[in-house]
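Remember, it's a predicted structure, so these values are computed and weren't measured experimentally.
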Amino acid sequence: MQDYLSPEPKKSALLTVDAQRDFLLPGAPASFGGSVFALECMRRLTETFRITGAPIVHTVRLYRCNGSNVDLCHRAQIESGQRIAMPGTMGAELADELKPDPALRLESDLLLDGKMQQIGANEWICYKPRLSAFFQTLVEQHLRSLGVSTIIVCGTDFPASPRSTVYAAANRDFRIVLATDAISGASDRGLDELAQIGAYLMTTDKLLHWLSNSRRAA
């Protein structure tokens with residue numbers, strides 16, 4: 001039988017989802033339980049992909065203060081004055097631990113215009129207007145152009161953006177790996193449900209071991 005699901009390490013890309021200060025830092029307005037540990041795991045994955053030159057795409061939310069571009073499940077909060085991931089604020093920035101240079105800042109106008117911001121030799125940031133990283137973004141087109149078949153997903157708020165992203169990736173026939181301890185808010189039941197549609201579940205340690213063995217084999 002043809003294997004359509006097994007991840008292909010030499011054709012893999014790391015996709016971080018909403019790995020921003022407002023969703024990760026302790027005391028931030030929209031942080032989730034387990035964010036500190038998840039961030040450390042995301043850092044390890046990002047550094048490994050960066051060192052090996054494999055593609056990395058960071059997908060981010062940017063909420064205009066008038067709520068005009070905000071998904072409906074969060075729009076009332078923003079319209080009522082809550083400020084989350086607002087363009088130009090420090091809260092909207094990627095966590096410093098994931099940047100190639102801590103001084104790097106999001107180019108909000110560029111991102112909101114639908115373009116990707118390149119921040120490294122093989123690393124980009126992309127704004128997503130809704131929960132899924134694939135909804136009205138260049139992510140799929142960009143990954144296809146790089147020959148990517150497999151995406152490794154990590155990020156914040158598992159029930160919302162990471163989960164939506166996995167379903168969207170499955171609908172686009174990507175092979176999928178979930179870095180289970182590099183996602184805040186994940187539940188065993190939710191992860192098992194995604195495994196049932198073909199997503200592979202790996203801890204960060206297992207992922208790094210798998211990637212290392214694949215490089216040695218190559």
Side-chain angles (χ1 to χ4, degrees), residues 13-50 56-63 69-75 77-78 82-87 89-100 102 104-106 108 111 117 119 123-135 137 139 151-169 176-194 199 201-204 207:
L14 181 66
L15 188 64
T16 77
V17 183
D18 298 345
Q20 296 161 267
R21 295 166 63 94
D22 274 347
F23 304 114
L24 281 167
L25 299 187
S31 62
F32 295 86
S35 293
V36 173
F37 182 76
L39 176 57
E40 171 58 18
C41 294
M42 283 187 264
R43 181 195 63 77
R44 294 173 62 199
L45 289 169
T46 302
E47 288 187 356
T48 297
F49 271 73
R50 193 175 289 140
I56 304 169
V57 176
H58 304 281
T59 60
V60 299
R61 298 192 222 181
L62 291 170
Y63 287 163
N69 69 330
V70 180
D71 43 272
L72 294 183
C73 60
H74 296 103
R75 188 171 297 178
Q77 294 172 261
I78 303 303
Q82 189 168 17
R83 295 294 174 255
I84 300 172
M86 193 169 68
T89 66
M90 288 303 297
E93 294 293 333
L94 280 177
D96 286 348
E97 291 85 346
L98 305 187
K99 297 177 182 179
L104 182 143
R105 294 290 180 265
L106 299 186
S108 298
L111 295 168
Q117 177 183 349
I119 61 172
E123 188 169 357
W124 296 265
I125 302 172
C126 182
Y127 158 69
K128 58 185 186 67
R130 292 295 181 266
L131 299 176
S132 166
F134 292 93
F135 182 79
T137 72
V139 171
I151 60 169
I152 296 170
V153 179
C154 60
T156 65
D157 188 11
F158 170 80
S161 295
R163 186 170 185 144
S164 298
T165 295
V166 169
Y167 280 117
I176 306 161
V177 179
L178 278 173
T180 55
D181 52 358
I183 302 176
S184 67
S187 66
D188 290 341
R189 179 176 178 179
L191 291 170
D192 287 344
E193 288 173 350
L194 294 185
L201 308 180
M202 296 189 196
T203 63
T204 297
L207 256 169

May I have the step-by-step check of side chain to side chain contact (heavy atoms under 4.5 Å, CB included) for Leu62 and Leu106, ending in yes or no? CA-CA 10 Å; Leu62 291 170; Leu106 299 186; 4.1 Å; yes
Let's go through Thr156 and Asp18 carefully: what are the C-alpha distance in whole Å and the side-chain angles of both, what is the deciding distance for side chain to side chain donor-acceptor pair (under 3.5 Å) to 0.1 Å, and is it a yes or a no? CA-CA 6 Å; Thr156 65; Asp18 298 345; 4.6 Å; no
Can you check side chain to side chain contact (heavy atoms under 4.5 Å, CB included) on Ile125 and Ile119, steps first, answer last? CA-CA 7 Å; Ile125 302 172; Ile119 61 172; 3.8 Å; yes
Asn69 and Tyr127: side chain to side chain contact (heavy atoms under 4.5 Å, CB included), yes or no, with the steps? CA-CA 11 Å; Asn69 69 330; Tyr127 158 69; 3.0 Å; yes
Which is it for Phe134 and Thr59 under the side chain to side chain contact (heavy atoms under 4.5 Å, CB included) test, yes or no, and what are the steps along the way? CA-CA 9 Å; Phe134 292 93; Thr59 60; over 6 Å; no
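Ala19 and Met42 get closest at one heavy-atom pair: CB-SD, 4.0 Å. Nearest heavy-atom pair across Leu45 and Ala179 is CD1-CB, 3.7 Å. Closest heavy-atom contact between Ala133 and Val139: O-CG2, 3.3 Å. When all heavy atoms of Ser132 and Ala168 are compared, the pair lying nearest together is OG-CB, 3.3 Å. When all heavy atoms of Met86 and Ala92 are compared, the closest pair comes out as O-CB, 3.4 Å. Here the closest heavy-atom approach between residue Pro162 and residue Gly155 is recorded as CG-C, 4.4 Å.
Going from atom CZ of Arg130 over to atom OG1 of Thr137 covers 13.0 Å, rounded to the nearest 0.5 Å. Interatomic distance, Cys154 SG to Leu15 CG, rounded to the nearest 0.5 Å: 7.5 Å. How far CG of Asp96 is from CG of Leu104: 9.5 Å, rounded to the nearest 0.5 Å. To the nearest 0.5 Å, the span separating CG on Leu131 from OG on Ser161 amounts to 4.5 Å. Atom CG of Leu98 sits about 11.5 Å away from atom CZ of Arg21, to the nearest 0.5 Å. Atoms CZ and CD, from Arg105 and Glu93 in turn, are 5.0 Å apart once rounded to the nearest 0.5 Å.
There is no side-chain donor-acceptor pair under 3.5 Å between Asp181 and Thr203. Counted by atom type alone, Glu123 and His58 present one or more donor-acceptor pairs between their side chains at under 3.5 Å.
Look at Arg44 and Glu40 and you find no salt bridge, because none of the NZ, NE, NH1 or NH2 atoms lies under 4.0 Å from a carboxylate O.
You'll find the side chain of Gln82 stays beyond 4.5 Å of the side chain of His74, heavy atoms only. No side-chain heavy atom of Asp22 sits under 4.5 Å from any side-chain heavy atom of Arg83. The shortest side-chain heavy-atom distance between Pro26 and Val36 falls under the 4.5 Å cut-off. With a 4.5 Å cut-off on side-chain heavy atoms, Asp71 and Tyr63 count as touching. When side chains are defined from C-beta on, Thr46 does not count as touching Lys99, because their heavy atoms never get closer than 4.5 Å. Contact of the Phe158 side chain with the Leu191 side chain is registered, since non-hydrogen atoms from C-beta on lie closer than 4.5 Å. The side-chain heavy atoms of Met202 and Ile152, taken from C-beta on, include no pair separated by under 4.5 Å. Using a 4.5 Å heavy-atom threshold, the side chains of Val57 and Thr16 count as separate.
Because its NZ or CZ atom is both nearer than 6.0 Å to the ring centre of Phe23 and within 45° of the ring axis, Arg61 counts as a cation-pi partner of that residue.
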